[in-house]
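Step one of this worksheet: look at the structure below.
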Amino acid sequence: VRSGEAYEQSQVAAHVMLTVGPKRAGLVEVALRKIPEVRSLLSVSGTFDMIAIVQAGSIDRLDTLIDSIGLLDGVERTNTSVVLSTRIQR
């Protein structure tokens with residue numbers, strides 16, 4: 001059994017910014033809730049409508065995950081930033 005911290009450090013994390021179609025946020029949220037790798041979902045203002053914080057066990061799994069999020073009904077566009085390191089976490 002891995003400790004929580006060791007497990008978290010073994011994961012590949014990314015921020016997936018989502019542009020969602022009009023009146024489709026609820027549908028997208030329901031779909032994202034079903035994906036266990038989605039750790040957090042934020043509603044934001046600006047260029048994007050939502051940011052999904054995701055974690056996967058490998059780059060290959062992250063790649064597949066990002067593709068599947070982009071294919072969700074209601075998602076018009078994604079832009080992903082892979083987390084290289086965490087500088088501050090409180």
Run the salt-bridge test on Glu76 and Arg24 with the 4.0 Å N-O cut-off and return the result as yes or no. no
Close side-chain approach of Arg39 and Gln55, heavy atoms under 4.5 Å: yes
Side-chain contact, heavy-atom cut-off 4.5 Å: Arg77 with Leu18? no
Sequence neighbours excluded, every pair satisfying side-chain hydrogen bond (donor to acceptor under 3.5 Å, both in side chains) that has a member inside residues 78-90: Ser85-Arg87
Do Val28 and Ile69 make a side-chain contact, defined as non-hydrogen atoms from C-beta onward lying under 4.5 Å apart? no
Any donor-acceptor pair under 3.5 Å from Asp49 side chain to Thr19 backbone: no
Ala14 and Leu62 have their tightest heavy-atom pair at CB-CD1, 4.0 Å
Arg33 side chain reached by Val38 side chain, heavy atoms, under 4.5 Å: no
Hey, could you give me the CG/CD1 distance between Leu71 and Ile66, rounded to the nearest 0.5 Å? 12.0 Å
Single-linkage hydrophobic cluster, 4.5 Å side-chain cutoff, Leu72 and Val30 together: no
Can you tell me how far CD1 of Ile59 sits from CG of Leu65, rounded to the nearest 0.5 angstrom? 11.5 Å
Rounded to the nearest 0.5 angstrom, the OG-NE2 distance for Ser40 and His15 is 8.5 Å
Assigning hydrophobic clusters by single linkage (Ile, Leu, Val, Met, Phe, Trp, Tyr; side-chain heavy-atom cutoff under 4.5 Å), is Val75 placed with Leu27? no
Once you round to the nearest 0.5 Å, how far does CD of Gln11 lie from OG of Ser58? 9.0 Å
Give a yes or no on whether Ile35 and Val12 share a hydrophobic cluster (residues Ile, Leu, Val, Met, Phe, Trp, Tyr; joining criterion: side-chain heavy atoms under 4.5 Å apart). yes
If you link ILVMFWY side chains whenever their heavy atoms are less than 4.5 Å apart, which other residues fall into the same cluster as Met17? By chain and number, please. Leu42, Val44, Phe48, Ile51, Ile53
